[in-house]
Novice: 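Let me begin by handing over the structure; questions about it come next.
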Amino acid sequence: MSQTGDVEVRDGERAERLDTSVAHNARVWNYWLGGKDNFEPDRRVGDHVRATFPVIEEVARADRRFLARAVRHLAGEEGVRQFLDIGTGLPSADNTHQVAQAVAPDSRIVYVDNDPMVLVHARALLTSSVEGATDYLEADIHDPGSILAGAARTLDLDRPVAVMMLGILNFVHDTDEAVAIVRRLMDVMPSGSFLALTHPTVELGGTANVPAMKFWNENATPPIRSRTGAEIARFFEGLELLDPGLVSCARWRPDDGQEPVTVPQYGCVARRP
């Protein structure tokens, strides 16, 4: 627990046993980002995917930088003070609460994940400013009702919320179900709320994603899928896309002054009118 701010961790009814014998997305992603919270099976699968799909580490870094830019914009120019980060993964640099509270210390953040290792690290690393709040909720993306009920203990759902769904809907295999999950979440949010989302694709030069994901689904968990830009655009129906719209996440408002490399990972931020 942090000694500053309001920090809570909600464990759910029962913590799963941590299985380190099978590669898991949160830990492999951590490995690609240069972290140490991973095990030999994670590294083995991560190395094979990288050999098949060499751009994967750049995808991971671009996705993380997209998060920082999106949160900074939302907390700054858009004045958002509440964030619901679903599928947070293992803590890394520039976590949502760190970026948001650096801009607005009174920001309130709820992280959602269902991986027991993420839960352990949430207790230790997801701290808060004195003025703000950070909560961790153990819940599954397939159960948006539980996510909303848990989030409402920390967030005021009558005020705008930025719903962050980075690299999470690719674990919902049925597109209609994935669209329904997004709509269930966003229909509860008031006008002025936002959806920020990233998703892997075989477009944007990502054809090597096909064998990489096939290997992943045979050797790691949870199973994953890619989507086309047209399929991903369905998640934003009824919302107003911020410029530059649905693009490679590396090309969403880059701030380093250099021409970014296009990575096969779509990114977009949209406002609920």
Side-chain angles (χ1 to χ4, degrees), residues 55 58-88 92-104 107-109 155 157 159-170 175 178-179 181-206 209 226-273:
V55 75
E58 182 58 34
V59 169
R61 290 190 293 268
D63 190 89
R64 198 70 191 177
R65 290 193 291 263
F66 170 90
L67 181 148
R69 295 196 305 275
V71 172
R72 194 175 299 117
H73 172 79
L74 291 169
E77 293 181 40
E78 304 292 349
V80 176
R81 295 295 179 266
Q82 302 189 110
F83 294 82
L84 178 58
D85 189 335
I86 304 172
T88 179
S92 182
D94 291 334
N95 298 295
T96 297
H97 73 285
Q98 293 169 321
V99 178
Q101 291 180 349
V103 176
S107 296
R108 304 177 72 84
I109 296 89
L155 306 180
L157 300 186
R159 297 174 53 231
V161 176
V163 179
M164 314 292 296
M165 303 186 76
L166 275 62
I168 184 64
L169 290 171
N170 36 287
T175 299
V179 169
I181 289 169
V182 173
R183 288 181 180 167
R184 173 75 176 88
L185 293 166
M186 295 307 298
D187 282 351
V188 172
M189 303 301 163
S191 175
S193 294
F194 290 84
L195 172 65
L197 183 150
T198 63
H199 198 295
T201 185
V202 297
E203 299 175 341
L204 306 175
N209 238 338
S226 66
R227 287 188 170 92
T228 65
E231 289 173 316
I232 296 166
R234 291 184 60 192
F235 300 135
F236 296 98
E237 290 175 357
L239 305 179
E240 300 171 346
L241 274 60
L242 302 190
D243 289 337
L246 182 64
V247 295
S248 171
C249 67
R251 293 183 174 273
W252 193 89
R253 305 193 178 195
D255 56 9
D256 57 8
Q258 297 180 349
E259 183 71 13
V261 175
T262 296
V263 298
Q265 180 97 336
Y266 276 109
C268 188
V269 179
R271 178 190 295 107
R272 184 174 184 201

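Note that the coordinates shown come from a computational prediction; the quantities given were computed from them, not determined experimentally.
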Novice: Within the 4.5 Å heavy-atom criterion, are Val182 and Glu237 side-chain neighbours or not?
Specialist: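 Of all side-chain heavy-atom pairs linking Glu237 with Val182, none is under 4.5 Å.
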Novice: Is there any salt bridge (charged side-chain N to carboxylate O under 4.0 Å, His left out) pair reaching into residues 242-254, and which pairs are they, with sequence neighbours excluded?
Specialist: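 Sorted pair list: Arg251-Glu259.
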Novice: I'd like a table of donor-acceptor pairs (distance under 3.5 Å, sequence neighbours excluded) in which one partner is a side-chain atom from residues 229-236, with atom names and distances.
Specialist:
residue : atom : partner : partner atom : Å
Glu231  : OE1  : Thr228  : N            : 2.8
Glu231  : OE1  : Thr228  : OG1          : 3.4
Arg234  : NH1  : Asp176  : OD1          : 3.1
Arg234  : NH2  : Asp176  : OD1          : 3.1

Novice: Go through the steps to decide whether Ser193 and Val163 satisfy the test side-chain contact (heavy atoms from CB on, under 4.5 Å), and finish with yes or no.
Specialist: CA-CA 8 Å; Ser193 294; Val163 179; over 6 Å; no
Novice: Give a yes or no answer on whether the side chain of Ser248 reaches the backbone of Val263 with a donor-acceptor pair at less than 3.5 Å.
Specialist: yes
Novice: Over all heavy atoms of both residues, which pair between Ala162 and Leu74 is shortest? Give the atoms and the distance, please.
Specialist: CB-CD1, 3.8 Å
Novice: Applying the side-chain contact (heavy atoms from CB on, under 4.5 Å) criterion to Met164, which one of Leu195, Leu84, Val71 satisfies it?
Specialist: Val71
Novice: Measuring from atom CZ of Arg65 to atom CG of Asp94, what distance do you get when rounded to the nearest 0.5 angstrom?
Specialist: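 Output value for this atom pair is 11.0 Å.
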Novice: Could you tell me the separation between the CD1 atom of Ile181 and the CD1 atom of Ile86, rounded to the nearest 0.5 Å?
Specialist: 9.0 Å
Novice: Rounded to the nearest 0.5 Å, what's the gap from CD on Gln265 to CD on Glu203? Could you check?
Specialist: 13.0 Å
Novice: Could you measure the distance from the NE2 atom of His199 to the OG atom of Ser226? Nearest 0.5 Å is fine.
Specialist: 7.5 Å
Novice: Which atom names give the shortest non-hydrogen contact between Pro160 and Pro190, and what distance separates them?
Specialist: N-CG, 3.7 Å
Novice: So which atom in Ala196 and which in Val269 form the shortest heavy-atom distance, rounded to 0.1 Å?
Specialist: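 Nearest heavy atoms, Ala196 then Val269: CB-CG2, 4.0 Å.
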Novice: Can you tell which of Val99, Val103, Val80, Leu242 makes a side-chain contact (heavy atoms from CB on, under 4.5 Å) with His73?
Specialist: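 Among Val99, Val103, Val80, Leu242, the one meeting side-chain contact (heavy atoms from CB on, under 4.5 Å) with His73 is Leu242.
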Novice: Between Pro264 and Val55, is any pair of side-chain heavy atoms under 4.5 Å apart?
Specialist: yes
Novice: Go through the structure and list residues passing salt bridge (charged side-chain N to carboxylate O under 4.0 Å, His left out) with Arg271, not counting sequence neighbours.
Specialist: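 Checked Arg271 against salt bridge (charged side-chain N to carboxylate O under 4.0 Å, His left out); matches are Glu78, Glu240.
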Novice: Taking all atoms of both residues into account, what is the closest heavy-atom pair of Ala100 and Phe83, and its distance?
Specialist: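 Looks like CB-CE1, 3.7 Å.
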Novice: Just by distance, do the side chain of Ser191 and the backbone of Pro273 share a donor-acceptor pair under 3.5 Å?
Specialist: yes
Novice: For the atom pair CZ (Arg108) and CD (Gln101), what is the distance rounded to the nearest 0.5 Å?
Specialist: 9.5 Å
Novice: State, to 0.1 Å, how close Asn95 and Arg64 come at their nearest heavy-atom pair, and which atoms those are.
Specialist: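 Scanning both residues completely, I find the closest heavy atoms to be OD1-NH2, 2.7 Å.
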Novice: Taking the side chain as every heavy atom from C-beta outward, state whether Tyr266 and Arg227 have any pair of such atoms under 4.5 Å apart.
Specialist: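 No. Closest side-chain heavy atoms not under 4.5 Å.
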Novice: Within the 4.5 Å heavy-atom criterion, are Asn209 and Pro200 side-chain neighbours or not?
Specialist: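 Of all side-chain heavy-atom pairs linking Pro200 with Asn209, at least one is under 4.5 Å.
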Novice: What distance do Met165 atom CE and Asn170 atom CG have between them, rounded to the nearest 0.5 Å?
Specialist: 10.0 Å
Novice: Judged by atom type as modelled, is there a donor-acceptor pair below 3.5 Å linking the side chain of Asp187 to the main-chain atoms of Leu185?
Specialist: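 A pair under 3.5 Å: no.
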Novice: Return yes if some donor-acceptor pair links the side-chain N/O of Arg69 with the main-chain N/O of Trp252 below 3.5 Å, else return no.
Specialist: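 Answer holds: yes.
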Novice: For Thr198 and Asp63, which I'm curious about, is there any donor-acceptor pair between the side chains at under 3.5 Å?
Specialist: yes
